Asker: 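Here it is, the structure in full.
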Amino acid sequence: MTKTERTLVLVKPDAMQRGLAGEILRRIEQRGLRLVGLKLLRIDEALARRHYAEHEGKPFFPGLISYITSAPVVAAVFEGPEAVRAVRATVGATNPIEAAPGSIRADFGLEKGRNLVHASDSPESGEREVALFFRPDELVSWERDVDRWITE
Ligand code: IDP
Ligand code: MG
């Protein structure tokens with residue numbers, strides 16, 4: 001049995017402007033991961049700085065903060081075995097040009113600065129980021145009849 005994890009997905013402002021929220025969530029849901037949290041919000045500067053704290057001081061940081069706060073985002077929490085690695089693979093590499101064919105970033109993107117979607121990079125980041133965007137009572141634990149056909 002692989003460990004159940006939770007991961008935070010953000011449909012970033014460029015994807016929202018391009019009407020890709022449904023497409024992005026569909027691809028992740030279709031893999032079999034279970035949606036346990038969902039909201040639309042406008043990220044303010046304080047939340048943006050906390051979420052991207054590891055990148056503070058890098059040359060792209062100011063642009064990243066203005067990008068992520070420039071329009072609403074859809075924040076989603078997905079749960080499942082190795083959810084972090086599964087979603088990162090579906091999302092693709094940071095640079096869309098290097099992202100695997102068929103991944104979201106490869107199919108819809110061209111530049112790192114407009115790469116459409118965020119996904120937590122480790123189970124620990126997943127826990128931290130989910131807590132930044134959702135209160136515990138906003139997350140819904142549930143089981144689906146189909147789960148036994150997706151996981152052993
Ligand atoms: P990740 O989103 O694939 O985990 P990170 O290296 O954690 O990538 O960077 C966070 C975000 O910062 C990226 O998704 C992208 O939006 C932005 N970013 C990273 N590197 C660059 C860059 O060189 N130019 C512009 N934006 C960048
Ligand atoms: Mg990252």
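This one's a predicted model, so the numbers in the text were calculated from it and none came from an experiment.
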Asker: Keeping S66 on the side-chain end and G63 on the backbone end, is there a donor-acceptor pair under 3.5 Å?
Answerer: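 Yes, because the side chain of S66 sits within donor-acceptor range (under 3.5 Å) of the backbone of G63.
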Asker: Looking at A106 and G102, what are the two nearest heavy atoms and their distance?
Answerer: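 It is CB-N, 4.4 Å.
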Asker: Working to the nearest 0.5 angstrom, can you tell me the gap between I104 CD1 and L20 CG?
Answerer: 9.5 Å
Asker: Who passes side-chain contact (heavy atoms from CB on, under 4.5 Å) against A131, sequence neighbours left out?
Answerer: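 By the side-chain contact (heavy atoms from CB on, under 4.5 Å) rule, A131 matches no residue at all.
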Asker: Taking ring pair (Phe, Tyr, Trp, His ring centres under 6.0 Å) as the definition, give me every residue that meets it alongside F60, ordered by chain and number, with sequence neighbours left out.
Answerer: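 If we apply the ring pair (Phe, Tyr, Trp, His ring centres under 6.0 Å) test to F60, skipping adjacent residues, the hits are H55.
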Asker: Applying side chain to side chain donor-acceptor pair (under 3.5 Å), name anything that partners E29, two or more places apart in sequence or on another chain.
Answerer: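 For E29 there are no side chain to side chain donor-acceptor pair (under 3.5 Å) partners, ignoring immediate neighbours.
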Asker: For residues 104-129, pull every pair meeting salt bridge (charged side-chain N to carboxylate O under 4.0 Å, His left out), keeping only residues two or more places apart or in separate chains.
Answerer: R27-D107
Asker: Using every non-hydrogen atom in the two residues, find where F61 and Y52 come nearest and quote the distance to one decimal.
Answerer: CE1-O, 3.4 Å
Asker: Mind checking the CD1-CD1 spacing from I43 to I68? Nearest 0.5 Å is all I need.
Answerer: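 Separation between the atoms: 4.5 Å.
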Asker: With sequence neighbours left out, which residue pairs that include part of residues 23-51 fulfil the ring pair (Phe, Tyr, Trp, His ring centres under 6.0 Å) condition?
Answerer: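 Residue pairs with at least one partner in residues 23-51: H51-H118, H51-F133.
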Asker: If the condition is side-chain contact (heavy atoms from CB on, under 4.5 Å), which residues does A119 pass it with, not counting sequence neighbours?
Answerer: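 Listed in chain order: V87, R88, V91.
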Asker: Would the number of heavy atoms belonging to other residues, nucleotides or ligands and lying under 6.0 Å from CG of L110 be above 12?
Answerer: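 Not more than 12 within 6.0 Å, no.
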Asker: Can you tell me which residue pairs pass the salt bridge (charged side-chain N to carboxylate O under 4.0 Å, His left out) test with a partner in residues 89-103, sequence neighbours excluded?
Answerer: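 For residues 89-103, and leaving out neighbouring residues, there are no salt bridge (charged side-chain N to carboxylate O under 4.0 Å, His left out) pairs at all.
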Asker: Going by side-chain contact (heavy atoms from CB on, under 4.5 Å), name the residues that satisfy it together with D145, two or more places apart in sequence or in a different chain.
Answerer: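 Once residues adjacent in sequence are excluded, D145 has no partner under the side-chain contact (heavy atoms from CB on, under 4.5 Å) criterion.
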Asker: Pairs in or reaching into residues 8-21: which pass side-chain hydrogen bond (donor to acceptor under 3.5 Å, both in side chains), with residues at least two apart or in two chains?
Answerer: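 Listed once each, the pairs are K12-N115, D14-Y67.
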Asker: Report the C-alpha separation of L40 and V73 in whole Å, then their side-chain angles, then the decisive distance to 0.1 Å, and conclude whether the side-chain contact (heavy atoms from CB on, under 4.5 Å) test is met.
Answerer: CA-CA 6 Å; L40 178 77; V73 302; over 6 Å; no
Asker: Could you tell me which residues satisfy salt bridge (charged side-chain N to carboxylate O under 4.0 Å, His left out) with E56, sequence neighbours excluded, listed by chain and number?
Answerer: R49
Asker: What residues, two or more places apart in sequence or in another chain, satisfy side-chain contact (heavy atoms from CB on, under 4.5 Å) together with R50?
Answerer: L132
Asker: Between S125, S120, P123, S122, which is the residue that forms a side chain to side chain contact (heavy atoms under 4.5 Å, CB included) with T7?
Answerer: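 The side chain to side chain contact (heavy atoms under 4.5 Å, CB included) with T7 is passed solely by S120 among S125, S120, P123, S122.
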Asker: Just verifying a value: how many Å separate L33 CG and E79 CD, rounded to the nearest 0.5 Å?
Answerer: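 L33 CG to E79 CD: 9.5 Å, rounded to 0.5 Å.
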Asker: Using only atom types and a distance under 3.5 Å, with no angle test, would you say the side chain of R42 pairs donor to acceptor with the backbone of T69?
Answerer: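 Such a contact is found between R42 side chain and T69 backbone.
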Asker: Which pairs pass salt bridge (charged side-chain N to carboxylate O under 4.0 Å, His left out) with one or both residues in residues 132-144, sequence neighbours excluded?
Answerer: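 Non-adjacent pairs meeting salt bridge (charged side-chain N to carboxylate O under 4.0 Å, His left out): K39-E138, R135-D137, R135-E138, R144-D147.
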